[in-house]
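Some notes on the structure that comes next.
Labels below follow one simple rule: chain letters A, B, ... track the order of the sequence lines, proteins then strands, and each chain is numbered from 1. Values below: all heavy atoms of this structure, side chains included; hydrogens, waters and symmetry mates excluded.
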2 protein chains.
Amino acid sequence: MYRKGQETRDLIIDTADRLFYERGYDHTSFRSIAQEAGVPSGNFYHYFKAKENILEAVIERRRAMIQAQLDIWQQENPTPLARLKRFVQMLRNGGEDGAFEYGCLVGSLTTELGKEHKEQQQKASSLFDTFIDWLEKQFAELGYGDESRDYAKRLLAYAQGISVVSHAYRDPAFLNKEADALDHWLASLAVHS
Amino acid sequence: MYRKGQETRDLIIDTADRLFYERGYDHTSFRSIAQEAGVPSGNFYHYFKAKENILEAVIERRRAMIQAQLDIWQQENPTPLARLKRFVQMLRNGGEDGAFEYGCLVGSLTTELGKEHKEQQQKASSLFDTFIDWLEKQFAELGYGDESRDYAKRLLAYAQGISVVSHAYRDPAFLNKEADALDHWLASLAVHS
DNA sequence: GTCTATATATTGATAGAC
DNA sequence: GTCTATCAATATATAGAC
């Protein structure tokens with residue numbers, strides 16, 4: 001089938017993105033990406049000089065996706081508390097992206113890369129910053145000054161832990177219960193003057 | 001060098017335990033274990049019929065280690081609050097087992113196995129139960145009835161999230177700061193009547 | 001029980017025709 | 001830009017001498 005170059009490149013990235021999430025980075029071979037995408041693996045090197053370059057492209061793709069989502073949440077929710085609760089809402093119903101099945105899209109990648117791909121881990125970890133920066137703005141609007149970033153990191157960390165445990169037990173109910181608990185915590189923080 | 005059979009088996013498990021933690025399960029080859037342990041890889045199949053059997057032995061080894069640690073904490077701390085704080089203390093100073101460098105011993109393994117070794121993941125996840133059962137007892141002693149297990153899982157989850165984020169950023173300071181925050185939370189829970 | 005040698009499959013990566 | 005064929009390295013696993 002005929003395809004323009006950019007389309008082929010995007011197709012490789014899209015397929016790699018999904019497989020890296022479902023199978024992990026090291027467990028996803030060129031052949032498996034090639035098979036699912038319908039692109040011969042020998043073709044990859046026309047677009048990427050090595051596997052780690054595919055990973056970089058996938059990370060940048062996830063960053064754009066996350067930022068777009070945060071922008072929508074920013075628009076759709078009028079108050080900082082509503083925005084923080086929208087972040088927590090992401091956990092409910094099994095996690096919007098299948099967190100209970102495959103773990104967090106960012107967290108599981110960061111954990112894997114931290115073992116034997118430490119240079120690449122830094123790039124993946126920067127996806128956390130995208131969330132933290134946005135959460136920090138919300139806490140700042142609630143009146144927390146220098147503490148805003150600490151609260152942002154804490155909320156992200158708690159969400160990560162909830163994702164890890166629900167993934168370990170394959171238990172979506174835990175996600176919902178803990179999302180409720182985080183909502184209560186946020187409500188108590190919002191009355192801060 | 002001469003070695004009794006049991007010693008060789010233990011040596012393989014010890015070495016695999018460390019390398020699985022530092023490099024991840026899939027990234028640790030028989031050759032690397034053989035090299036570090038000084039045991040030829042062809043020798044492994046006298047003790048384990050496959051790689052996943054080494055993993056099982058490593059998991060059981062970690063379970064025994066965790067249970068022994070919990071027993072000591074139980075003895076050394078007179079009150080349930082002190083015991084819960086001892087659990088949180090584990091996070092401080094980079095994590096007693098190098099959590100900021102390699103992630104949590106249980107959590108990082110569970111996350112990896114959840115992708116493409118789901119049968120083995122269940123066994124690894126049961127290590128969480130060892131912690132949760134113990135934490136649940138402490139909350140029960142504080143007077144929390146049916147909620148004790150929920151609090152136990154929540155505390156474990158938050159500790160996991162803190163570990164994931166500190167590992168992502170290679171930031172031991174975050175572990176200390178968040179340990180303080182968990183201590184405050186526990187202190188507020190302890191006044192429950 | 002211990003060791004060397006090796007089988008078989010798969011990996012990331014290349015070469016070169018079209 | 002696309003594709004086939006293939007390389008060199010490495011993986012788990014096995015066979016068989018000692």
Can you work out whether N43(B) or K51(A) has the more 5'-proximal nearest nucleotide on DNA chain C?
N43(B)
Between [N] atom [atom2] and [X] atom [atom1], what is the distance in whole Å?
X       : N       : atom1 : atom2 : result
L19(A)  : dT11(C) : CG    : P     : 12 Å
F48(A)  : dT2(D)  : CZ    : P     : 12 Å
F44(A)  : dA15(C) : CZ    : P     : 18 Å
I12(B)  : dT2(C)  : CD1   : C1'   : 11 Å
D26(B)  : dT12(D) : CG    : P     : 9 Å
E116(A) : dA11(D) : CD    : P     : 11 Å
F30(B)  : dA5(C)  : CZ    : C1'   : 17 Å
Q35(A)  : dG12(C) : CD    : P     : 13 Å

Touch check for Y45(B), heavy atoms < 4.0 angstrom, all strands: base, sugar-phosphate only, or nothing?
base
Touch class at under 4.0 angstrom, heavy-atom based, for S32(A) against every strand present
nothing
In terms of side-chain heavy atoms of R31(A), which of dT4(C), dA13(D), dT11(C) is nearest?
dT11(C)
Per H46(B) side chain, nearest of listed nucleotides dT11(C), dG1(C), dA13(D)
dG1(C)
Do L55(B) and L109(B) touch side chain to side chain, with heavy atoms closer than 4.5 Å?
yes
Taking C-beta and beyond as the side chain, do L91(A) and N176(A) meet within less than 4.5 Å on heavy atoms?
no
Quick test of your reading of the model: are R18(A) and D97(A) salt-bridged, counting only N-O distances below 4.0 Å?
no
Cationic N near anionic O, under 4.0 Å, R61(B) to D10(B):
no
Under 4.0 Å between a side-chain N or O of [X] and OP1 or OP2 of [N]?
X      : N       : result
S29(B) : dA11(D) : yes
Y47(B) : dT2(C)  : yes
T8(A)  : dT2(D)  : yes

Out of the candidates R83(B), K153(B), R149(B), only one should pair with E136(B) under the salt bridge (Lys or Arg N to Asp or Glu O under 4.0 Å) rule; please name it.
R149(B)
